[in-house]
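Side chains included, hydrogens not; waters and symmetry mates left out as well; all remaining heavy atoms used. These numbers come from a predicted model, not from an experiment. So that the names make sense, note that chain A is the first sequence line, chain B the second, and so on, each numbered from 1.
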Protein chains: 2
Amino acid sequence: MKLTSNRSPNPLSSSCEQCGLSNLCLPLAIAGEDLSRLDAVVKRDSMYARGSKVFAQNAPFTSCFVVKSGAVKTSMMSERGDEKVLGFYLPGEMFGLDGVNDGAYACSAEALERSAICEIPFEHLEQLARELPHLQRYLFRLMSREIHGAEELSMLLSKNTADERIVSLFLTLSSRHARRRLSPTRFSLPMSRGDIANFLGLAVETVSRVLNRLQSQHLVKVNGRTVELLDIEALQRQLQQPAEPCISAIKLMDRP
Amino acid sequence: MKLTSNRSPNPLSSSCEQCGLSNLCLPLAIAGEDLSRLDAVVKRDSMYARGSKVFAQNAPFTSCFVVKSGAVKTSMMSERGDEKVLGFYLPGEMFGLDGVNDGAYACSAEALERSAICEIPFEHLEQLARELPHLQRYLFRLMSREIHGAEELSMLLSKNTADERIVSLFLTLSSRHARRRLSPTRFSLPMSRGDIANFLGLAVETVSRVLNRLQSQHLVKVNGRTVELLDIEALQRQLQQPAEPCISAIKLMDRP
DNA sequence: CGCAATCTTGAACACCCTCAAGCATGGTGG
DNA sequence: CCACCATGCTTGAGGGTGTTCAAGATTGCG
């Protein structure tokens with residue numbers, strides 16, 4: 001257990017305009033001259049140590065956040081006391097939007113590694129959105145995307161096997177890396193096996209076994225937290241094909 | 001299979017102001033004099049026959065919708081071709097918001113029974129939201145709630161047993177009925193067993209068996225699509241308690 | 001009334017989980 | 001520096017929850 005007060009402002013923080021993520025993040029939606037107004041309200045580049053909380057579930061909702069560097073996971077605690085990992089957020093991605101509804105964060109957010117995170121007070125963002133139609137539209141789209149993402153997770157959890165869930169996670173991570181012009185085939189996982197298992201609704205042991213299976217099929221190479229996707233197209237096929245059980249295929253041949 | 005073109009405008013449609021759902025729906029967020037502006041853009045009370053589609057997945061996103069009477073299910077088709085039911089919508093509830101992101105509906109929506117549904121062109125709603133801060137805030141909250149709802153479904157699917165999933169659905173329906181001043185203990189299910197099973201990530205057979213189990217425990221009474229909750233508090237307890245496996249409880253007693 | 005769709009019931013099996021132990025890894029302190 | 005322990009990851013064996021397959025009961029609609 002670590003103390004969670006290891007958060008500090010970053011003296012090197014620059015403007016949104018100069019930020020390398022400006023083509024992924026809010027600046028996308030804001031024209032040049034208005035960007036300074038966003039700049040004025042963003043608390044830029046706070047550093048969070050690995051394991052420290054960005055916000056806690058049920059804490060009063062004040063801001064949404066964007067990962068500048070590092071990685072974040074969000075998770076929800078049930079009444080029963082068990083935790084469910086809801087998502088992972090990489091640089092350029094916004095989180096904390098599910099707290100708008102009743103004024104309290106519906107989940108908690110935690111840095112998976114040492115991370116720089118920008119904080120945007122939601123009241124200011126709302127005010128700006130009123131005046132900048134593009135920004136309003138962009139926020140609606142962001143939230144809509146979040147809905148869609150959560151829906152796809154439900155789909156994954158109820159319709160896919162353990163192998164497919166892992167493959168799906170890897171492919172998602174791959175394309176998110178590609179958006180940042182990073183290698184889509186080689187990357188390192190910011191999260192533990194436990195986080196992966198929890199996120200995908202599996203046991204840690206199952207994750208371990210599936211990774212071995214995928215390796216022996218020469219689809220991926222995994223070494224600790226380093227992942228290499230050896231055949232992306234084959235991985236994609238695995239998600240499209242009806243996943244026919246190998247045994248019942250034989251049974252079918254017995255038919256008259 | 002039914003044809004899906006059985007949709008017709010309702011001559012009896014009245015204004016939002018006079019609508020019985022105005023304390024659940026958008027009018028909540030709009031002051032009296034501005035309400036007429038909403039009225040002007042709402043296509044009110046179109047009737048949809050049971051089984052007809054309100055919109056199809058991947059169709060261009062134009063509007064969001066509110067159930068006036070009846071019930072709607074939304075579902076998503078995977079690349080592989082299997083369907084996942086994502087949600088059920090009752091009178092006063094809005095759906096179709098996950099299409100904002102990329103301009104196409106991420107799911108399809110279908111009337112579960114003969115339903116009256118109001119359609120609100122999103123462009124107009126956006127325009128109104130710019131001018132009415134309360135409305136903008138309300139839309140953000142609606143979308144945030146939708147995110148939260150999808151997250152809770154993920155939680156349910158990965159952390160709860162079949163029995164708990166059914167109980168959770170019943171309790172959710174119960175409280176949504178209560179909001180409309182309907183009986184929280186006696187109501188009828190608008191969806192089939194198949195829809196329930198799909199929504200909860202179970203097989204139809206399992207739903208059937210669980211319903212029997214809950215009946216023999218005198219927690220609910222089910223007759224076809226009619227449900228009576230006999231002991232709401234006991235049902236709630238079932239979701240809070242750690243669901244101890246009955247056998248291992250005995251094992252624990254063997255300890256020195 | 002009769003057929004089709006929906007729902008229930010039963011038996012066998014599969015997938016994944018649980019439990020338990022062994023194996024790396026890394027940080028800490030003697 | 002290495003022993004030490006904590007933590008995280010892997011591997012193996014066995015069992016449970018829910019699925020699949022198959023058949024029968026019920027409902028509902030033309």
What is the distance, rounded to the nearest whole Å, between atom [atom1] of [X] and atom [atom2] of [N]?
{"X": "A/Arg213", "N": "D/dC9", "atom1": "CZ", "atom2": "P", "value": "18 Å"}
{"X": "B/Ile196", "N": "C/dT8", "atom1": "CD1", "atom2": "C1'", "value": "14 Å"}
{"X": "A/Arg165", "N": "C/dC15", "atom1": "CZ", "atom2": "P", "value": "13 Å"}
{"X": "B/Arg193", "N": "D/dA25", "atom1": "CZ", "atom2": "P", "value": "19 Å"}
{"X": "B/Leu200", "N": "D/dT19", "atom1": "CG", "atom2": "C1'", "value": "15 Å"}
{"X": "A/Ile166", "N": "C/dC15", "atom1": "CD1", "atom2": "P", "value": "16 Å"}
{"X": "A/Glu205", "N": "D/dG8", "atom1": "CD", "atom2": "C1'", "value": "12 Å"}
{"X": "B/Asn198", "N": "C/dC7", "atom1": "CG", "atom2": "C1'", "value": "16 Å"}

Task: Side-chain heavy atoms of B/Asp195 within contact of B/Phe88, under 4.5 Å - done: yes
Open item on the list: Given the structure, check if the side chain of B/Arg209 and the base of D/dT20 hold any donor-acceptor pair shorter than 3.5 Å.
Closed with: yes
Task: Residue B/Val204, side-chain atoms from C-beta onward, closest of C/dC16, D/dT19, C/dT8 - done: C/dT8
Task: Comparing A/Ala203 and B/Arg225 on DNA chain C - which has the more 5′ nearest nucleotide - done: B/Arg225
- [ ] Classify the angle between the aromatic ring planes of B/Tyr105 and B/Phe65 as parallel (below 30°), tilted (30 to 60°) or perpendicular (above 60°).
- [x] tilted
- [ ] Report the relative orientation of the aromatic rings in A/Phe187 and A/His177; use parallel for angles under 30°, tilted for 30 to 60°, perpendicular for over 60°.
- [x] parallel
Within the 4.0 Å heavy-atom criterion, would you say [X] contacts the bases, only the backbone, or no part of the nucleic acid?
{"X": "B/Leu211", "answer": "nothing"}
{"X": "A/Ser192", "answer": "sugar-phosphate"}
{"X": "A/Gly224", "answer": "nothing"}

TODO: State whether A/Arg225 and A/Glu113 are salt-bridged, where the test is any N-O pair (Lys NZ or Arg NE/NH1/NH2 against Asp/Glu carboxylate O) under 4.0 Å.
DONE: no
TODO: Using a strict 4.0 Å threshold on nitrogen-to-oxygen distance, state whether A/Lys159 and B/Asp82 make a salt bridge.
DONE: no
